[in-house]
Amino acid sequence: MKSLLNFFRRNKRKARPTPALMNAYARMPVCFVRGEGVRLWDDEGTEYLDAMGGIAVTFLGHCHPRISEAISLQANKLMHVSNLFHIEEQNKLGAKFCQISGMDKVFVGNSGTEANEAAIKITRLMAHKKGIKQPLIICAHHSFHGRTMGSLSATGNPGLQKNYDPLLPGFAHVDFNDVEALAAYTDNPDVIAVMLEPIQGEGGVLVPDEGYLKAVRELCDKQGWLLILDEIQTGMGRTGKWFAFQHDGIQPDILTSAKALGNGVPIGVCAARGKAADAISPGAHGTTFGGSPFASQIALTVIDVIEQEALLDKAAQTGAFLKKQLQQKLGTHPSVTAIRGKGLMLGVQLKDAVPDLGTRLLDKGLVVSITAGGTVIRILPSVYMTENQAKQVAEIVQDVINDL
Ligand SMILES: *Cc1c(COP(=O)(O)O)cnc(C)c1O
């Protein structure tokens with residue numbers, strides 16, 4: 001009966017032409033019109049369990065009452081002025097962000113890629129001050145840092161860079177989780193920074209070995225290199241701490257964060273520590289929209305909700321429960337080669353790419369992200385996912401994999 005229902009569901013999915021939109025996305029055949037907590041509804045009234053969270057954005061779920069309230073209050077108070085004036089909400093956000101991250105100062109922008117652009121520009125300013133004319137940032141293969149030309153050049157994915165030549169010079173790529181590969185650059189005087197994701201997200205939820213980040217930190221200290229950690233996906237509670245580096249007892253020199261920071265309101269932060277925090281002077285960088293009273297107030301509210309409801313621990317616990325469920329139901333399946341991740345950032349590695357996997361899961365009522373060329377089911381749910389819902393996620397994934 002259930003599979004018959006799914007058959008009809010699948011076959012009633014209609015084509016949705018978008019002739020006025022640039023063809024940037026191979027969109028899944030569904031249009032969501034409403035959300036509440038961990039659930040979504042499409043325009044035909046079908047309910048879904050959301051284990052994607054808008055790609056790690058809606059950590060507090062859809063339409064969280066406190067976020068919706070803050071949006072409404074701030075929209076009726078003040079949306080935007082300009083960074084040519086003092087913005088009290090941005091001051092407060094900066095202070096709070098520094099408190100939770102251990103950084104000294106922030107620059108507030110509108111997205112992840114812009115946060116990384118600020119990080120890259122800070123390293124260039126620092127390098128030129130040191131007399132390095134052609135500074136080099138070492139990044140990792142399979143990394144993702146964004147789509148603007150600078151962050152795209154940092155990204156370790158030739159597929160995404162294809163046909164965008166000339167890329168920005170000044171980036172090298174080495175294997176992730178390999179300190180020796182970084183150490184091969186110790187004689188290169190042009191190196192200014194190492195830029196990494198603590199867990200590679202788009203790359204397929206790739207978790208480095210215990211001790212890797214610490215070893216990278218030590219190497220950077222020894223060499224006088226800046227360590228940039230891109231926590232755009234891993235940050236803001238996703239892995240069970242505010243930032244993933246906090247599991248390792250280290251501190252980056254530059255930290256970028258975005259996705260869950262605004263729970264859907266666009267915002268990105270580049271935070272820095274020590275000399276890097278003072279690299280930018282008036283006129284050296286800027287943004288029209290970044291750090292508006294509106295976006296800053298919403299990010300402040302997100303942080304406040306996470307603190308007040310002790311959601312870091314909840315993310316760690318729910319994530320551990322969900323991982324165990326996935327291991328129990330899929331751990332020995334011949335099509336599954338690994339189950340990885342930390343907190344509420346989990347990946348099920350499949351032996352082979354599965355066509356239309358995202359749609360197959362949608363047909364069973366589950367929204368997840370498929371990454372790494374269709375070979376990894378990436379699970380990035382809201383912290384409010386219940387244990388029952390976590391069980392459902394594992395069951396639906398098992399169901400779909402059994403049907404292959
Ligand atoms: C999503 C992401 C980005 C890019 O963020 P945008 O807001 O899409 O520009 C950069 N780095 C990482 C690790 C990401 O996951």
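Just so it is clear, the structure is predicted and the values come from calculations on it, not from any experiment. Just follow the structure's listing: the first ligand is 1, and inside any ligand the first atom is 1.
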### Query
At a non-hydrogen distance cut-off of under 4.0 Å, which region of I232 contacts ligand 1 (side chain, backbone, both, or neither)?
side chain
### Task
Enumerate the atoms of ligand 1 whose separation from the nearest heavy atom of E197 is less than 4.0 angstrom.
13 (C)
#### Entry: Contacting atoms of ligand 1, where contact means under 4.0 angstrom from a heavy atom of N116
10 (C), 11 (N)
### Task
Give the residue, atom name and distance (to 0.1 Å) of the protein heavy atom nearest atom 9 (O) of ligand 1.
T113 N, 2.8 Å
### Task
Check whether any side-chain heavy atom of S257 sits under 4.5 Å from a side-chain heavy atom of F97, and report yes or no.
yes
### Query
If you measure from CD on Q251 to CG on L229, what distance do you get to the nearest 0.5 Å?
9.0 Å
### Nearest neighbour in protein (non-hydrogen) for atom 11 (N) of ligand 1
D230 OD2, 2.7 Å
### Query
Between the side chains of S72 and E69, is a donor N or O closer than 3.5 angstrom to an acceptor N or O?
no
## Note on the structure
In this structure, atom 5 (O) of ligand 1 is nearest to the protein heavy atom G112 CA, 3.3 Å
### Message
Tell me whether N83 contacts the main-chain N or O of G290 through its side chain, where contact means a donor paired with an acceptor under 3.5 Å.
### Response
yes
### Query
Measuring from K121:NZ to I280:CD1, what's the distance to the nearest 0.5 Å?
7.5 Å
### Donor-acceptor contact present, side-chain T123 to main-chain I120, <3.5 Å
yes
### Task
Flag Q233 as yes when one of its N or O atoms lies below 3.5 Å from any N or O atom of ligand 1, and as no otherwise.
yes
### Query
Can a donor-acceptor pair be found between the side chains of N157 and H141 at a distance below 3.5 Å?
no
### Message
Considering non-hydrogen atoms of the protein only, which is the closest contact for atom 15 (O) of ligand 1, and what is the distance?
### Response
K259 NZ, 2.6 Å
### Summary
Short version for H145: what comes under 4.0 Å of ligand 1, heavy atoms counted, is backbone
### Message
If we ignore hydrogens and angles and just use 3.5 Å, is the side chain of D104 paired with the main-chain N or O of A277 as donor and acceptor?
### Response
no
### Message
Under 3.5 Å between any N/O of F144 and any N/O of ligand 1: does that happen in this structure?
### Response
yes
### Task
With heavy atoms only and a cut-off of under 4.0 Å, state how T256 meets ligand 1: side chain, backbone, both or neither.
neither
